[in-house]
**Q** 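Take a look at this one; I'll ask things after.
In the text below, chain A, chain B and the rest are named by the order of the sequence lines, each starting its count at 1. Owing to the predicted nature of the structure, the values given are computational and were not obtained by experimental measurement.
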There are 2 protein chains.
Amino acid sequence: MEELNERYQEVLYYIIEEYIVTASPVGSKFIAGKCSLNLSPASIRNIMASLEEKGYIYQPYFSAGRVPTSSGYKFYINSILKTKKISKQQKADMRSSFNISGKDIKKILWQAINLLSEISHYMPIVLAPERTYANLLHIEFIKLDKLNILVIMVFEGGFVENKIISADRDYKQIELSKYSIKLNEIINGHNIDELKDIIIEDIDKERESFFSLLNGIIFNFDLVKNEIDNENDYLFIGSRMNLFDEPEFSNYEKIKSLIKAFEDKRTIIKLLELTKRKEGIHIFIGSDTEWSDINGLSVITASYRSKKGFAGGSIGLIGPSRMNYALAIPTVNYIAKLLCDII
Amino acid sequence: MEELNERYQEVLYYIIEEYIVTASPVGSKFIAGKCSLNLSPASIRNIMASLEEKGYIYQPYFSAGRVPTSSGYKFYINSILKTKKISKQQKADMRSSFNISGKDIKKILWQAINLLSEISHYMPIVLAPERTYANLLHIEFIKLDKLNILVIMVFEGGFVENKIISADRDYKQIELSKYSIKLNEIINGHNIDELKDIIIEDIDKERESFFSLLNGIIFNFDLVKNEIDNENDYLFIGSRMNLFDEPEFSNYEKIKSLIKAFEDKRTIIKLLELTKRKEGIHIFIGSDTEWSDINGLSVITASYRSKKGFAGGSIGLIGPSRMNYALAIPTVNYIAKLLCDII
DNA sequence: AATTAGCACTCAATATTAGTGAGTGCTAAT
DNA sequence: ATTAGCACTCACTAATATTGAGTGCTAATT
């Protein structure tokens, strides 16, 4: 990232701040009025011309005002932006808006989404805790009928995964409970990869009696690992309306391409998975990602992680590139922190 | 519903069939060419004028062609329409596109949604089986940490509900398992309302030992009953794209009002709940419902129900009022039947 | 009496044109 | 180095004209 002298930075700053509010190209006259430098519009125009040469802003058409480019936003975020501090009062409000009692993790994640939605007016997304590296707490077999057995796997933090396996014979529930207990003895503190090995090796002695169940479980471990298979339980998407109210999406074609892009959750999942192991805030701007489907969008993400274990996921906020970063960044950050505490 | 002589019916029929395809007003010349009656456009116009008087069609503006009204569609569906029979081959295809092994009910319902989406190109919706009247199969307590206990409730058909309750003291997992077993002994074949009474009355003798757990369960029974609380696990909505591709929603305002209407799932839930106890197909046309949010939509619904028990829900298809009823109705019907078999 | 050809009329949709104004780049004066 | 002055660009808006599919009505036809 190139250096910019102070005068240039100030002009870029005001262009972006204004564009964030109005969503229309910003002209030299406006900047001249706003700027503390007390320069005439003509001078500002010179500065703008060279900011454009450096690639930070551009003109949508000859003789329009200037609009920030992706690198413009990037520079702004990295070098100019001062994020707002969240007041203690606001922090307390956010914390207390989580109503935990009687709620499983999924509900809590939805609460996070709604909170983000209310505060930011952009589109929140949440990736549920990954199950691959999370420790299993409990496995239970429940007989549904002659041929079908429900396997319930509870992961640390309270995330539950259900799978149905078909039995090789008609197990009695009592029998199943016995096997549940046996498995639960070896489960403690292992993730599914480790358990797979343990089951394959250690249970050999008497495994004939419930061989098909064990096989079923191992098979389902693989299903659980492939989180994409679980899309609807893995990625939660908040209200789209806020985004669609933004002026850049106020035409038919754009709104349709947006809906299409969000309907296939896999691209968003990929994006969030990039960051779920990493600390801190990550920001994707415009066409930075391979996610070329949609230009003009930015994504702010932060990961969360339970204190004791390895289970973690990430939360994010999708908005127009001209989003209010000063507010959005600390909000995403703080809600991720809250989730760490709660889970 | 008034009687219509054959000639009138034929004209109405062709107007609707054509409008279903083109989505634009149908003129007399076209009908004259299509009709087996061999009448001139002028005669058709006379017939159209009196169909309009009866309220089956209308002109969007003076000197446009005719468009069916809600009552027009209703008459068409009840008296003229001959639904397509689904061939054995198609039925077999549909059946085999369900991949049941290793899938819990939720996944199967999603498969139903995807199937409906592929076949119909409208927007499928599915209401998960109601839990209030479904029998409980299994209850399990799992210790998450000192203060939190996960309660897993498995309903017939394999639907699983998780709730977290906070404990009054630090239960050991072994202890919790004991209580699980005790509860499971009395559970069999009762729904949550019945169980509530049983728990309150019958377990009195030694309930002091896990009094708070029982209380927690009873409280959660009430939560489970209030299915609206579970929106995201109760109503599943399929791909919206198909609907948005329909020409009547090809402008910004309409598409936005549609999105808004679907974002609040409660209206759709109410609609589906009206029919989930009733046999057979139900069709809501245009502004028939109190669901005045959106005109120009129709909803086809059918209920499904597991054979043994009382647990049932419904599936539906939302499309423009000018939807292809001949195909959509038997498809919804057959998929509902398939669900009955599978669950 | 039922049907139809003929015709004037309506009105959405599309294309055409003109006018407006915010904003620019360049040049010459400060 | 800065700025006032000016001609120029181009999206946006409004006003106007054109087109054509479709109608209702009347009078002629079967």
**Q** To the closest 0.5 Å, what do you measure between CD1 (I125(A)) and OG (S314(A))?
**A** 8.0 Å
**Q** For DNA chain C, what are the stems built from at least three Watson-Crick or G-U pairs in a row, each pair having both distances below 3.5 Å?
**A** C:1-30 with D:1-30
**Q** Which parts of residues 9-16 of chain A get close to DNA chain C, meaning a heavy atom less than 4.0 angstrom away?
**A** none
**Q** Working to the nearest 0.5 Å, report the span between OH of Y122(B) and OG of S117(B).
**A** 12.0 Å
**Q** Between N333(A) and I329(A) (side chain of the first, backbone of the second, donor and acceptor by atom type, cut-off under 3.5 Å), is there such a pair?
**A** no
**Q** Measuring from the side chain of A42(A) (C-beta onward, heavy atoms only), which nucleotide among dT3(D), dG6(C), dT24(C) has the closest atom?
**A** dT3(D)
**Q** Counting only pairs under 3.5 Å, give me each side-chain donor-acceptor contact of residues 23-35 of chain B, with atom names and distances, residues two or more places apart or in other chains.
**A**
| unit_1 | atom_1 | unit_2 | atom_2 | d |
| --- | --- | --- | --- | --- |
| S28(B) | OG | R45(B) | NH1 | 3.2 |

**Q** May I ask you to say whether K254(B) pairs ionically with E248(B), meaning some side-chain N is under 4.0 Å from a carboxylate O?
**A** no
**Q** Tell me whether Q59(B) contacts the main-chain N or O of G65(B) through its side chain, where contact means a donor paired with an acceptor under 3.5 Å.
**A** no
**Q** Tell me, which of residues 26-40 of chain B have any heavy atom that sits under 4.0 Å from an atom in DNA chain D?
**A** G27(B), S28(B)
**Q** To the nearest angstrom, how far is I44(B) atom CD1 from dA2(C) atom P?
**A** 16 Å
**Q** Tell me whether the side-chain N/O atoms of R7(B) come closer than 4.0 Å to OP1 or OP2 in dT3(C).
**A** yes
**Q** Output the rounded distance in Å from CE (M48(B)) to C1' (dG22(D)).
**A** 9 Å
**Q** What string of B, S and - do you get for nucleotides 8-17 of chain C 5' to 3' if you count protein non-hydrogen atoms under 4.0 Å?
**A** --BSS-----
**Q** Check this one for me: any side-chain N or O of R66(B) less than 4.0 Å away from OP1 or OP2 of dG24(D)?
**A** yes
**Q** Suppose we screen for ring pair (Phe, Tyr, Trp, His ring centres under 6.0 Å). Which residues come up paired with F236(A), at least two apart in sequence or across chains?
**A** W110(A)
